[in-house]
Amino acid sequence: MATPLERWVDEQAKLTKPDKIYWCNGSLDEARKLIEIGIREERINGQPVFQELNQKAWPNAYLHRSHPTDVARTEHLTYVCYPDRLTAGPNNNWMAPEEAKAMMRKLSDGCMTGRTMYVLPYMMGHPDSPYAKACIQLTDTSYVAVSMRIMTRMSKTIIKRIGNSDDFVRGLHSIGDLDPEKRFIMHFPLENFVWSVGSGYGGNALLGKKCISLRMASWLGLQEGWLAEHMVILGIQSPDGEVTYVTAAMPSACGKTNLAMMESALPGYKIWTLGDDIAWLNVGPDGRLWAINPEAGFFGVAPGTSMKTNPNMMRTLKKDGFCPTIFTNTALNGDTNEPWWEGSDGARPKNLIDWQGKPWDRASDTKAAHPNSRFTVSIYNTPTLSEEADNPKGVPISAMIFGGKRTKLIPLVCESFDWPNGVFAAARMGSETTAAAAHRVGVLRRDPMAMLPFCGYSMGDYFGHWLKIGKRMTKPPKIFSVNWFRQDDSGNFMWPGFGDNIRVLEWIIKMVKGSAKGRRTPIGIVPNLEELNLTGLNIGKETMCKLFEVNPEGWKHELGEVKTFLRQFADKMPEEIWQQYKDLEKQLSEKQLS
Ligand code: GTP
Ligand code: SPV
Ligand code: MN
């Protein structure tokens with residue numbers, strides 16, 4: 001008798017009609033074989049899937065060029081499908097499940113003909129973790145198969161673990177014909193099923209990442225009482241040796257990976273990495289919040305990564321850790337066969353090939369690497385990997401940080417008064433858009449908890465869920481907002497950022513431990529300047545004061561936008577959030593009068 005898994009794979013094969021079906025076992029040997037197939041046999045758009053890079057300088061590294069119209073997540077083609085539109089909320093595109101399936105069946109009929117269907121068995125989370133989820137993804141490209149091998153814990157043992165049960169998260173993926181008109185990423189949370197056609201890129205195609213670990217998992221978390229968040233997890237070791245665990249939520253391409261493996265500018269501090277993109281958070285029996293990283297690799301932004309900004313990532317990328325490393329849509333040094341991107345170390349090579357494989361034209365003002373070019377690399381290559389990274393229970397979180405790209409208004413750091421006040425701060429977050437998704441870059445949009453593109457149900461219910469989780473904790477994490485991206489009138493960053501962000505983290509730890517007090521403002525508690533260690537920094541007092549200024553006029557305008565945004569969630573908006581809103585409005589007008 002076939003198992004539910006075998007039957008499901010069989011049904012999908014009948015629809016998609018691959019030439020071959022190959023069940024992956026997750027071994028490194030197999031990953032290398034898949035790379036060979038991608039170099040020698042498989043073609044996407046007539047091009048080889050992988051190209052070998054200079055193995056001496058970049059061990060196990062390969063270059064992949066995606067289709068030029070397929071270079072970022074496509075939020076407008078991403079849907080959640082519940083019977084009822086209200087469940088999806090205004091933050092999601094919605095389609096009725098039966099309508100979505102009928103459309104997807106049409107697009108998928110025979111889509112794997114001439115190709116191999118890879119069956120990928122993997123876990124999101126450590127297999128021993130009570131919070132981990134068993135998943136199966138079907139895909140028709142070696143790029144996705146190898147990427148999933150790097151990003152997740154893939155093993156044939158998961159097939160055994162699933163056994164005769166039908167409790168596994170299903171993902172069906174095909175690159176289709178890469179026609180943007182026939183590209184859809186469909187989520188069926190009630191059926192544990194994600195169906196993606198027409199894209200081979202990142203969050204559209206590596207279904208364990210945003211689709212399963214955020215959209216599907218956030219819905220599951222709502223049912224089961226936990227949180228799936230777009231957050232890094234890190235341990236901050238103080239000079240006395242104690243490690244404090246924190247999470248940080250920031251929108252795409254706003255600094256999570258850099259923060260997760262930061263090299264401290266203050267002596268005596270050390271950052272330990274647990275995750276750079278996603279955290280699953282559960283209330284423990286001790287009343288604290290515990291975090292695990294469901295992933296096992298990084299899919300990080302290449303441009304701007306260098307020995308100066310993120311030396312630990314450079315070491316991660318250069319380590320011979322046996323697992324393949326993939327560069328997607330970076331440029332290439334035509335003389336040395338090394339990957340290259342804007343903001344990397346060293347001068348621009350003379351013979352530079354752009355991300356589309358054409359000689360880069362010095363006279364043009366185009367970027368040689370795509371702004372959303374990325375690397376896929378194993379977390380186990382990281383020199384700063386925390387000892388607790390594989391702890392099935394996760395780590396207890398003392399502080400949660402929320403940050404966005406805000407060139408104006410938002411202070412460098414600010415602590416919320418309590419959990420509900422912090423939920424409101426996170427709910428009103430805004431950020432200027434980046435190249436991680438296909439839309440105009442640099443436009444301010446509301447992005448609550450950095451989850452706007454990833455919350456799999458109405459954010460009104462999501463805010464309510466956050467408030468409820470707060471009530472279940474006896475020792476909730478403290479909540480902080482940060483902004484590394486404030487600019488002066490000439491457009492220069494006012495704060496050096498990167499390794500110097502440890503100065504902000506140090507203040508956060510002091511607030512957690514009660515050894516700093518800060519100063520109360522209507523929006524929260526900001527540091528007294530003498531509580532910040534600024535030794536060795538060349539920043540004037542005036543700039544520092546500006547970084548903590550609360551401008552009532554600017555905030556009034558901000559609140560107006562927040563109100564318009566939150567009103568969309570209508571009846572689903574918790575009254576407690578509106579109460580927070582009114583309190584802040586009142587305090588700001590009192591400040592203005594004083
Ligand atoms: P996703 O993988 O898309 O979720 O992005 P991420 O949040 O992990 O962003 P990442 O750390 O890759 O940073 C994106 C961009 O922000 C890079 O170009 C960085 O160089 C830049 N960046 C990161 N941290 C800082 C900082 O502290 N200050 C400034 N000015 N830029 C930063
Ligand atoms: C993001 O956009 O937040 C990413 C990249 O981490 S992707 O996998 O494409 O979602
Ligand atoms: Mn991300």
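Numbering of ligands and ligand atoms starts at 1, following listing order. When reading the values below, keep in mind they use all heavy atoms of this one structure, side chains included, and skip hydrogens, waters and symmetry mates.
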Can you tell me which residue and heavy atom of the protein come closest to [atom], and the distance to 0.1 Å?
{"atom": "atom 19 (C) of ligand 1", "value": "Asn258 ND2, 3.7 Å"}
{"atom": "atom 4 (C) of ligand 2", "value": "Lys210 NZ, 2.8 Å"}
{"atom": "atom 9 (O) of ligand 1", "value": "Gly255 N, 3.0 Å"}
{"atom": "atom 18 (O) of ligand 1", "value": "Pro303 O, 3.3 Å"}
{"atom": "atom 6 (P) of ligand 1", "value": "Lys256 N, 3.4 Å"}
{"atom": "atom 16 (O) of ligand 1", "value": "Ala253 O, 4.0 Å"}
{"atom": "atom 28 (N) of ligand 1", "value": "Phe498 CE1, 3.8 Å"}

Check: [X] N/O within less than 3.5 Å of ligand 1 N/O:
{"X": "Arg374", "result": "yes"}
{"X": "Ala436", "result": "no"}
{"X": "Thr257", "result": "yes"}

For [X] and [Y], work out which heavy atoms get closest and say how close.
{"X": "Leu207", "Y": "Gly171", "answer": "CD1-CA, 3.7 Å"}
{"X": "Thr376", "Y": "Ser147", "answer": "CG2-O, 4.2 Å"}
{"X": "Thr309", "Y": "Gly304", "answer": "OG1-O, 2.7 Å"}
{"X": "Gly89", "Y": "Ser458", "answer": "CA-CB, 3.5 Å"}
{"X": "Arg428", "Y": "Arg446", "answer": "O-NH1, 2.6 Å"}
{"X": "Phe498", "Y": "Met262", "answer": "O-CE, 3.7 Å"}

- Query: Does Asn204 approach ligand 2 within less than 4.0 angstrom via side chain, backbone, both or neither, non-hydrogen atoms only?
  - Reply: neither

- Query: Would you call the rings of Trp341 and Phe327 parallel, tilted or perpendicular if under 30° counts as parallel and over 60° as perpendicular?
  - Reply: parallel

- Task: Could you check whether the rings of Tyr462 and Trp466 sit parallel, tilted or perpendicular, using 30° and 60° as the cut-offs?
- Result: perpendicular

- Given ring-ring contact (aromatic ring centres under 6.0 Å, His included), test Phe493 with Trp495 step by step and report yes or no. CA-CA 6 Å; Phe493 287 117; Trp495 177 249; over 10 Å; no

- Item | Atom of Asp277 closest to the Mn ion (ligand 3), considering N, O or S atoms | OD1

- Does Asn312 use its side chain to pair, donor to acceptor, with the backbone of Thr316 at less than 3.5 Å? no

Only heavy atoms of [X], strictly under 4.0 Å: list the atoms of ligand 1 that pass.
{"X": "His230", "result": "4 (O)"}
{"X": "Ser252", "result": "1 (P), 3 (O), 4 (O), 5 (O)"}
{"X": "Val301", "result": "12 (O)"}

Heavy atom of [X], distance to ligand 1 below 4.0 Å:
{"X": "Asp277", "result": "yes"}
{"X": "Cys254", "result": "yes"}
{"X": "Pro251", "result": "yes"}

- Numbered atoms of ligand 2 (with element) below 4.0 Å of Gly203, judged on heavy atoms: 7 (S), 8 (O), 9 (O), 10 (O)

- Give the numbers and elements of all ligand 2 atoms closer than 4.0 Å to a heavy atom of Ala436. 2 (O)

- Query: Do Tyr269 and Gln237 have side-chain N/O donor and acceptor atoms under 3.5 Å apart?
  - Reply: no

- Check if His230 has a non-hydrogen atom at a distance under 4.0 Å from any atom of ligand 2. yes

